[in-house]
Amino acid sequence: MENDWKKIIHIDMDCFYAAVEMRDNPALQGHPIAVGHDGPRGVVATANYEARRYGVHSAMPIGCAQRLCKHLIIVPPRFDVYKLVSNKIHTIFHKYTDVIEPLSLDEAYLDVTQNKVNEKYAVDIAQAIKRDIFTQTSLTASAGVSYCKFLAKIASDWRKPNGLYIIHPANALEFIKSVPIEKFWGVGPVTAAKMHSLGVTDGATLAKVPLHILREIFGKAGRTFYDFARGIDNRIVESNQIRKSVSCEETLNEDTADKSDMKELIEVLATDLENRIEKKGFSGRTFVLKVKYDNHKIHTRSYTFNAPISTHSEFITAAVMLLDKAVPDGQAIRLIGIGVTDNLSHSRYDYDNMRPTLDFGEY
Ligand code: DCP
Ligand code: MG
């Protein structure tokens, strides 16, 4: 019998910016380093493993990192170089599949259920990608393989650095029991604290909480957590090459956290989008807003109207509504994109379609 388990790989480069800096300046190797802008307002973008041993981590103020680690070397970021490496790894991904969802410069989901090299085992593809990345960039990546996104992502983290870990559908439920709640997708410090107050510390304790309680406390996400505890995550790998869409984007002259600057750019983009849609005779109901933070992480938010949208004012209405959701106050961004798509059925969660089967695929 054919099974319908998807084969998903999550790839994540190891201490990405720091690894690139150590590669390009071997004198840094073996010393604790943090990548970030030095100065009173500087924060650590990432640290190498030597520095992490002192407790230095991403998003920590530089001053604080220096107090923890006296000999810490601060290296200014070189985003253009990181971008080049990112392009290289994406070219490698495309050798194997076009269904790629980037999460940031160094991280992506790949759906290899169908793949361009006719390889049966996702684990072999993951191994090949790791090998290609190392050969072409002299950098290591960690890979996770599973049948859904949240497990693939946990798996890539499980054996970091230079790791490869597979969570087979047959073992998933057993595995999930042992996963600390902090490692679940969508669980940040605030959610983790609420989970702890419910007595939830891992997958096993999460599975004991009834759905209505999770719903009451976490809203919509409650259902997601309920399903995760049961190994259910039906989110598709959303490749950024949505075919049926029209969009435009623009990098800001300077990174900005000022919402009025963002709205100004959106005004310009909306005019551009209106023209493009008219030229192509395109019809779609879903408006998409994409922003790239100053740390290069990409966030998208979408809103689906009841009827196709095509005018400047409709785009502005939707964009203004989504902007606060996509950009927390104070967050600086470097790029904005807007678009319209007709991917109506791309709801992120399609629970009813998830039919657990007893027939386990080969990984
Ligand atoms: N980054 C950043 N600010 C953050 C988090 C990350 O600027 N708060 C940047 C620097 C990282 C890169 O994004 O090198 C990738 O982020 P990861 O979370 O994947 O962290 P690393 O790749 O550095 O380390 P790991 O080996 O844990 O993946
Ligand atoms: Mg990484």
Side-chain angles (χ1 to χ4, degrees), residues 9-25 28-29 32-39 41-62 64-65 72-90 92-93 100-110 126 129-130 133-134 137-144 149-150 152-165 180 182-189 255 257 291-299 327-328 330-335:
I9 300 176
H10 180 257
I11 301 277
D12 189 333
M13 301 294 287
D14 300 321
C15 53
F16 184 45
Y17 296 0
V20 172
E21 296 308 328
M22 290 190 289
R23 176 194 72 176
D24 294 349
N25 180 4
L28 296 172
Q29 285 168 16
I33 73 163
V35 177
H37 290 294
D38 206 351
R41 292 180 60 238
V43 291
V44 175
T46 196
N48 66 356
Y49 290 100
E50 284 82 353
R52 289 183 195 192
R53 271 200 283 279
Y54 291 86
V56 176
H57 59 74
S58 294
M60 176 181 271
I62 295 274
C64 180
L72 187 65
I73 302 170
I74 311 296
V75 184
R78 295 180 300 151
F79 290 114
D80 47 338
V81 182
Y82 312 144
K83 181 74 196 160
L84 276 178
V85 174
S86 183
N87 289 345
K88 264 196 181 158
I89 67 174
H90 275 266
I92 293 168
F93 298 160
I100 301 164
E101 180 181 336
L103 297 176
S104 64
L105 281 184
D106 85 319
E107 204 184 324
Y109 291 112
L110 282 66
I129 289 173
K130 275 166 56 70
I133 289 177
F134 189 73
T137 70
S138 309
L139 298 166
T140 60
S142 294
K149 284 191 193 180
F150 103 94
K153 189 163 159 72
I154 290 172
S156 74
D157 195 45
W158 214 246
R159 290 285 181 266
K160 244 180 189 300
N162 201 9
L164 172 58
Y165 194 73
E182 290 77 12
K183 297 229 180 249
F184 279 70
W185 184 85
V187 179
D255 294 1
V291 292
K292 194 189 270 184
Y293 289 1
D294 53 354
N295 63 12
H296 288 250
K297 294 215 187 261
I298 293 170
H299 292 254
V327 184
Q331 171 66 54
I333 63 161
R334 52 181 287 119
L335 173 147

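Every number for a ligand or one of its atoms is a count from 1 in the order of the listing. The shown structure was predicted, so the numbers you read here are calculated from the model rather than taken from an experiment.
- Between Tyr17 and ligand 1, at least one N/O pair is under 3.5 Å apart.
- Residues satisfying the salt bridge (charged side-chain N to carboxylate O under 4.0 Å, His left out) criterion with Asp157, sequence neighbours excluded, are Lys183.
- Inclusion of Asp12 in the set of residues having an N or O under 3.5 Å from an N or O of ligand 1 is warranted.
- Of the possible polar contacts, none joining the Tyr54 side chain to the Glu50 backbone as a donor-acceptor pair under 3.5 Å is found.
- Each of Ile298, Val327, Leu335 was evaluated against Val291; a single residue qualifies, Val327, per the side chain to side chain contact (heavy atoms under 4.5 Å, CB included) test.
- The distance from ligand 1 to the heavy atoms of Asn295 drops below 4.0 Å at these ligand atoms: 2 (C), 3 (N), 7 (O).
- Listed by atom number, the atoms of ligand 1 under 4.0 Å from Asp14 heavy atoms are 26 (O).
- Note on ligand 1: Cys15 sits in its first shell, one or more heavy atoms being nearer than 4.0 Å.
- Scanning Asp106, Asp157, Asp294, Val44 for the heavy atom closest to atom 17 (P) of ligand 1 points to Asp106.
- In this structure, the salt bridge (charged side-chain N to carboxylate O under 4.0 Å, His left out) partners of Lys153, at least two apart in sequence or on a different chain, are Glu107.
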Start with the C-alpha distance between His296 and Arg334, add both sets of side-chain angles, then the distance that settles side chain to side chain contact (heavy atoms under 4.5 Å, CB included), and finish with yes or no. CA-CA 8 Å; His296 288 250; Arg334 52 181 287 119; 3.6 Å; yes
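- In His296, neither the side chain nor the backbone holds a heavy atom less than 4.0 Å from any atom of ligand 1.
- Of the protein's non-hydrogen atoms, Lys297 NZ, 4.2 Å is the one closest to atom 18 (O) of ligand 1.
- Partners of Arg23 by salt bridge (charged side-chain N to carboxylate O under 4.0 Å, His left out), not counting sequence neighbours: none found.
- When each atom of ligand 1 is checked for a heavy atom of Phe16 under 4.0 Å away, the hits are 14 (O), 21 (P), 22 (O), 23 (O).
- Here the straight-line distance linking atom CD1 of Ile89 with atom CG of Asp106 works out to 6.5 Å at 0.5 Å rounding.
- Residue, atom and distance of the protein heavy atom nearest to atom 11 (C) of ligand 1 are Thr46 CB, 3.7 Å.
- The residue from Val81, Asn48, Leu28 that alone fulfils the side chain to side chain contact (heavy atoms under 4.5 Å, CB included) condition with Glu21 is Leu28.
- Atoms of ligand 1 found under 4.0 Å from any heavy atom of Tyr49, numbered from 1 in the order shown, are 26 (O).
- Counting heavy atoms under 4.0 Å from ligand 1, residue Phe79 does not touch it at all.
- The Mg ion (ligand 2) has Asp12 OD1, Met13 O, Asp106 OD2 as protein N, O or S atoms under 2.8 Å away.
- In terms of polar-atom proximity, Ala18 is not counted as a contact of ligand 1, lacking any N or O under 3.5 Å from an N or O of the ligand.
- The nearest protein atom to atom 24 (O) of ligand 1, hydrogens excluded, is given as Arg52 NH2, 2.9 Å; this is a heavy-atom distance.
- The protein heavy-atom contact nearest to atom 6 (C) of ligand 1 is Ala45 O, 3.6 Å.
- When atom types are taken as modelled, the side chain of Ser86 and the backbone of Leu105 share a donor-acceptor pair closer than 3.5 angstrom.
- When each of Thr46, Asn162, Thr140 is paired with Asp14, the side-chain hydrogen bond (donor to acceptor under 3.5 Å, both in side chains) condition holds for Thr140 and for no other.
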Can you list the steps and then say if Ile11 with Ile133 is a side chain to side chain contact (heavy atoms under 4.5 Å, CB included)? CA-CA 11 Å; Ile11 301 277; Ile133 289 177; 4.2 Å; yes
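- At least one donor-acceptor pair under 3.5 Å links the side chain of Ser142 to the backbone N or O of Gly163.
- With hydrogens and angles ignored, the 3.5 Å screen pairs a side-chain donor or acceptor of Lys160 with a backbone N or O of Met13.
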Given Arg78 and Asp24, is the side chain to side chain contact (heavy atoms under 4.5 Å, CB included) satisfied, shown in steps? CA-CA 11 Å; Arg78 295 180 300 151; Asp24 294 349; 2.8 Å; yes
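- Applying the 4.0 Å criterion to heavy atoms of Ser58 picks out, from ligand 1, the atoms 4 (C), 5 (C), 8 (N).
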